[in-house]
Novice: 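Below: one structure in structure tokens.
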Amino acid sequence: MTELPPAGAWAEDLLDGLNPPQRAAVEYRGPALLVVAGAGSGKTRVLTHRIAGLIRSREAWPSQILAITFTNKAAREMRERVEQLLGGVADGMWISTFHSACVRILRREAERFGFVSSFTIYDSADSRALLKRIIKDREADAYGLTPGGVAAVISKAKNELMDAESFARNANSADPRQALTAEIFSEYSRELNRAHAMDFDDLIAQTVHLFRAFPEVAAVYQRRFRHILVDEYQDTNHAQYALIRELTRPVEPEALARAGIEPRGGETDAQGRIPPASLTVVGDSDQSIYAFRGADIRNIVEFERDFPGASVVLLEQNYRSTQNILSAANAVIENNFDRPQKKLWTAVAGGELITGYTGYSQHDEAQFVADEIERLHGEGFDYRDIAVFYRTNAQTRALEEIFIRSAVPYRVLGGTKFYERAEVKDVLAYLIAVANPFDEYSLRRILNTPKRGIGPATEAQLAAYAAGEGISLREALRHAARLGLGPKLTAAIAGLSALLDEASELAFGKQLPSGGAVPPRPPVEVLQHLLEGSDYLAQLRASRDPQDEARAENVEELVSVARDFGRANPEGTLVDFLTEVSLVAAADELDDESGSVALMTLHTAKGLEFRAVFLTGLEEGLLPHQMSAGEPGGLAEERRLFYVGITRARERLYLTLAMTRAQYGDVDVALPSRFLQEIPAELIAWRQSPAEANGRGGTSSRALNASSRQLGRSPGFARSAVSGGPGGAGSVAFRPEAEPASGGMRDSLQRFREARAGGASWPNTVGSGIRDNGELELAAGDRVRHEDYGEGRVAAVTGVGSKRIAHVDFDGVGRKKLLVKIAPISRI
DNA sequence: TCGAAAGCCATTTTT
DNA sequence: TGGCTTTCGA
């Protein structure tokens with residue numbers, strides 16, 4: 001800490017420029033504060049100023065602050081902003097995510113529950129791989145149990161602080177699937193314990209269990225953290241809520257005694273207790289989008305009941321978006337009933353209208369986005385100021401294809417994550433095998449990667465030997481010579497074992513007999529030693545498989561990640577590096593310097609803001625997603641997701657959709673999202689409305705010409721829709737029929753159409769029926785009649801199945817290309 | 001023991 | 001559609 005200004009004088013500049021409720025939140029002193037912060041209402045500002053105020057006024061040392069954020073990036077930013085306000089480095093402040101904070105505590109206390117402090121953190125893919133093996137061993141797949149399904153059940157249980165035992169107690173043993181799930185759960189837990197490993201949910205749950213089992217451990221943290229601040233409180237689950245409750249308990253004298261803590265003067269109250277920490281939570285129930293992950297909206301709704309004496313501050317003034325964007329957001333969210341009344345407003349009126357666009361295909365939509373990004377760029381928007389959001393990761397494909405073609409610089413956040421790639425996992429497995437010798441799975445993974453002739457048979461022999469001797473697999477490797485294997489094999493095993501031992505010496509240092517010590521080397525050196533000793537990278541480079549080149553690049557990328565880590569954390573150990581790598585979130589990858597457009601899911605977008613935002617794929621079945629239809633509250637959560645997306649935009653908002661969407665290689669007709677209708681029509685300027693894209697609404701010819709131009713440049717569409725056809729797809733014209741759809745539509749869409757059958761002039765609507773010509777067989781020479789173009793002769797049919805394109809020479813309007821499945825045509 | 005081919009399967013959101 | 005597993009052949 002650098003010098004502090006005199007106490008009392010702190011307030012002035014920290015309160016400067018804050019509105020009254022923001023001020024109140026910064027100045028509040030008391031047991032508990034709930035800040036209901038609408039989107040863009042300056043809650044980060046409130047949090048950072050509040051922390052800085054506490055420190056500057058000397059009400060708290062930095063080390064007494066615990067601030068929980070949703071992502072590591074948010075944590076980093078918050079730390080920077082606090083330090084900026086304080087004018088110096090604030091050491092000892094804990095600003096981190098729930099998971100990072102818990103790992104820190106758990107590593108410190110690991111031995112109390114029998115783990116090494118370098119325990120492994122399993123990500124969801126690791127959990128699933130382990131579950132898959134257990135399910136296969138037990139032939140539980142015969143009961144329809146899938147790794148993903150069981151993982152979800154276990155995750156849910158852990159978020160409710162249930163362990164395998166209590167899960168088994170609550171399971172209905174008459175139901176074989178539940179009984180089996182309980183068995184799998186307990187074996188899964190056993191295996192994690194054996195490997196000294198925890199999954200994501202364990203990190204939180206075990207910390208809670210630790211605090212409950214060891215009050216003297218809890219006392220240390222309860223005493224230390226005097227001010228606890230939690231951001232995005234609406235997305236906390238039960239385990240996280242329980243953790244906060246544990247941390248905000250008063251410390252009883254007995255616990256102090258057991259912990260051997262001698263309270264300082266003024267630290268305790270009349271009963272000799274240390275009073276509970278002051279708690280500040282910030283959240284917005286309208287932005288709760290993680291119910292599927294166990295987030296419990298009641299945590300925020302019932303805050304005042306949970307923490308008696310709590311104050312509530314409402315932040316409703318938005319400093320981010322234009323009035324038009326806010327009006328749209330308000331109009332949408334108002335459709336969620338059963339929410340506390342709250343309305344965002346801004347002092348800045350007007351702004352540009354929201355732009356709408358309906359593409360003929362997802363590629364047409366993507367092309368519009370790409371063109372519009374270039375236009376914005378020409379207008380002075382930096383690429384980094386622009387973001388494209390979508391509901392599902394699968395939607396990136398079309399966008400990426402077009403962006404590459406159009407030379408739009410972009411980066412995809414999340415999705416197929418870097419750390420989930422096989423080669424990256426391989427290399428990490430080497431590091432984990434070094435850090436945690438009990439982690440058999442990592443060791444098994446690298447046993448024969450790269451190939452050294454240690455196949456499943458040898459692996460089984462090693463495992464059997466380890467089991468027989470009661471030693472770890474890692475130890476068994478050191479005794480390779482005793483297994484009576486061939487000389488080549490024995491040498492390979494001994495070589496790997498020696499390599500790991502050398503790396504371990506590098507990672508942890510070494511005591512010398514002389515009494516001196518060799519200090520540990522940074523993680524990047526450990527990594528490089530392993531890569532050289534294992535020949536892993538060299539073999540990838542030497543491979544003639546072109547994909548291996550990309551894999552080698554990824555491995556090199558990991559090396560540079562390790563190098564960067566070393567620069568940022570000169571004291572960082574191998575375990576620190578592995579922890580950081582395990583806990584990166586999608587939004588953490590966002591690099592503001594990169595100068596490229598950000599592509600991400602709506603979930604990842606939470607907490608971020610951009611000058612211009614594209615919300616894509618606004619179609620029924622995608623947003624709201626069809627999977628959400630069956631879940632209670634699913635529709636409301638989808639609407640909040642839409643709301644979150646809208647409110648990320650500062651100046652420009654684009655709402656786009658496509659009339660057809662290819663899924664699993666099949667083209668489906670899409671309907672505009674019902675949420676689009678919730679935005680007042682006068683706020684949206686449709687560049688091409690759903691009605692126009694449909695051929696309805698009187699401007700169809702113009703719309704179609706536009707589409708022809710766009711589609712002609714759309715290589716993705718050309719590839720997927722008219723395989724091999726030169727020059728792309730050309731215009732794909734279709735329009736809905738007046739008669740009812742001939743089947744194939746999903747139930748939800750059916751209901752949606754019926755629900756809106758009354759409203760006629762809404763620009764977002766599609767006609768009341770979608771044609772499905774699925775079975776219509778056409779051949780060159782056939783005469784057809786089209787509703788708009790009249791009669792014509794089929795020149796050729798290209799494509800297959802639902803993507804068949806009829807090239808028709810119309811008597812009146814010339815050559816047109818039509819998507820047979822949905823074009824309003826009939827053979828005559 | 002390995003590589004290629006063929007079938008199979010799944011597709012919501014994530015710390 | 002493509003990613004993944006299984007299977008088959010060498």
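In the text below, chain A, chain B and the rest are named by the order of the sequence lines, each starting its count at 1.
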Novice: Which whole-number value in Å describes the distance from A/Phe642 CZ to B/dT12 C1'?
Specialist: 18 Å
Novice: Touch check for A/Phe98, heavy atoms < 4.0 angstrom, all strands: base, sugar-phosphate only, or nothing?
Specialist: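 Counting heavy atoms under 4.0 Å across all strands, no contact is made by A/Phe98.
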Novice: Quickly work out the A/Tyr290 OH to B/dT12 C1' distance and round it to whole Å.
Specialist: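 Atom-to-atom, A/Tyr290 to B/dT12, this comes out as 11 Å.
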Novice: When you check the side-chain N and O atoms of A/Asn299 and A/Thr236, is any donor under 3.5 Å from an acceptor?
Specialist: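 Checked: A/Asn299/A/Thr236 side chains pair up, N/O donor to acceptor below 3.5 Å.
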Novice: Is there a donor-acceptor contact under 3.5 Å linking the side chains of A/Gln395 and A/Thr392?
Specialist: yes
Novice: Quiz question: by atom type and distance under 3.5 Å, do the side chains of A/Asn237 and A/Tyr290 form a donor-acceptor pair?
Specialist: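 A/Tyr290 and A/Asn237 do not have a side-chain donor-acceptor pair below 3.5 Å.
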Novice: Look at A/Lys136 and C/dT5 and indicate whether a side-chain polar atom (N or O) is within less than 4.0 Å of OP1 or OP2.
Specialist: no
Novice: Would the base of B/dT12 count as contacting A/His625 through its side chain, where contact means a donor and an acceptor less than 3.5 Å apart?
Specialist: no
Novice: For A/Asn393 and B/dT12, is the shortest distance between a side-chain N/O and OP1 or OP2 below 4.0 Å?
Specialist: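 Result: no.
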Novice: The side chain of A/Arg293 lies closest to which of these nucleotides: B/dC2, B/dT15, C/dG2?
Specialist: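 Comparing B/dC2, B/dT15, C/dG2 against the side chain of A/Arg293, the answer is B/dT15.
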Novice: Centres of the A/Phe115 and A/His196 rings: under 6.0 Å?
Specialist: yes
Novice: To the side chain of A/Arg397, which of B/dT13, C/dG3, B/dG3 is closest?
Specialist: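 Looking only at heavy atoms from C-beta outward on A/Arg397, the closest nucleotide is C/dG3.
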Novice: What is the separation between atom OH on A/Tyr390 and atom P on B/dT11, rounded to the nearest whole Å?
Specialist: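 So the OH-P distance, A/Tyr390 to B/dT11, works out to 18 Å.
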Novice: Over how many whole Å does the gap from A/Leu243 atom CG to B/dT15 atom P extend?
Specialist: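 Spelled out: CG on A/Leu243 to P on B/dT15 is 19 Å.
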Novice: Figure out the CE/P separation between A/Met600 and B/dT15, and round it to whole Å.
Specialist: 12 Å
Novice: State, without any angle test, whether A/Glu619 and A/Ser673 hold a side-chain donor-acceptor pair at a distance under 3.5 Å.
Specialist: no
Novice: For A/Met627 and A/Phe200, find the nucleotide of DNA chain B closest to each by heavy atoms; which residue's nucleotide sits nearer the 5' end?
Specialist: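 Its nucleotide being nearer the 5' end, the pick is A/Met627.
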Novice: OP1, OP2 of B/dT14 versus side-chain N and O of A/Thr604: anything below 4.0 Å?
Specialist: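 True: A/Thr604 side-chain N/O within range (under 4.0 Å) of B/dT14 OP1/OP2.
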Novice: Please tell me whether A/Phe389 and A/Phe642 form a close aromatic pair, meaning their ring centres lie under 6.0 Å apart.
Specialist: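 Here the rings of A/Phe642 and A/Phe389 have centres that are no less than 6.0 Å from each other.
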Novice: When the distance from CZ of A/Arg639 to C1' of B/dT13 is rounded to whole Å, what number comes out?
Specialist: 18 Å
Novice: Go through A/Gln287 and A/Tyr643 one step at a time and tell me if the side-chain hydrogen bond (donor to acceptor under 3.5 Å, both in side chains) criterion holds.
Specialist: CA-CA 7 Å; A/Gln287 294 184 61; A/Tyr643 174 78; 5.5 Å; no
Novice: Quick one: on DNA chain B, does A/Glu637 or A/Thr458 contact a more 5' nucleotide (nearest heavy atom)?
Specialist: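 It is A/Thr458, whose closest nucleotide lies nearer the 5' terminus.
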Novice: Considering only side-chain heavy atoms of A/Ser124, which listed nucleotide, B/dT15, B/dT12, C/dT6, is closest?
Specialist: B/dT15
Novice: How close or far is atom P of B/dT14 from atom CD of A/Glu420, stated in whole angstroms?
Specialist: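 It works out to 10 Å between those atoms.
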Novice: Between C/dT5, B/dT14, B/dC2, spot the one nearest the side chain of A/Lys132, thanks.
Specialist: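 Nearest to the side chain of A/Lys132 among the choices is C/dT5.
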Novice: Could you tell me how far C/dT6 sits from B/dT11 if I compare only their P atoms? Round to whole Å.
Specialist: 16 Å
Novice: Please pick, from B/dT15, B/dT13, B/dT11, the nucleotide with the shortest atom-to-atom distance to any side-chain atom of A/His603.
Specialist: B/dT13
Novice: Could you tell me the separation between the CZ atom of A/Arg391 and the C1' atom of B/dT11, rounded to a whole number of Å?
Specialist: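 Answer to the nearest Å: 13 Å.
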Novice: Start with the C-alpha distance between A/Arg245 and A/Tyr241, add both sets of side-chain angles, then the distance that settles side-chain hydrogen bond (donor to acceptor under 3.5 Å, both in side chains), and finish with yes or no.
Specialist: CA-CA 6 Å; A/Arg245 294 254 29 170; A/Tyr241 168 82; 3.3 Å; yes
Novice: Compare the minimum distances between each of B/dT15, B/dT12, B/dC2 and the side chain of A/His99, then state the nucleotide with the smallest one.
Specialist: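 Within the option list, the nearest is B/dT15.
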Novice: Using nucleotides 8-10 of chain C, report all nitrogen or oxygen pairs with the protein that are shorter than 3.5 Å.
Specialist:
none

Novice: Could you tell me if A/Arg640 and A/Ser285 have a donor-acceptor pair between their side chains, going purely by distance under 3.5 Å?
Specialist: no
Novice: Where the side chain of A/Thr601 is defined as all heavy atoms beyond and including C-beta, which of B/dC2, B/dT15, B/dT14 is the nearest nucleotide?
Specialist: B/dT14
Novice: Give a yes/no verdict on base stacking between B/dT15 and A/Phe70: centres under 5.5 Å, planes within less than 30° of parallel.
Specialist: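 No, A/Phe70 does not stack on the base of B/dT15.
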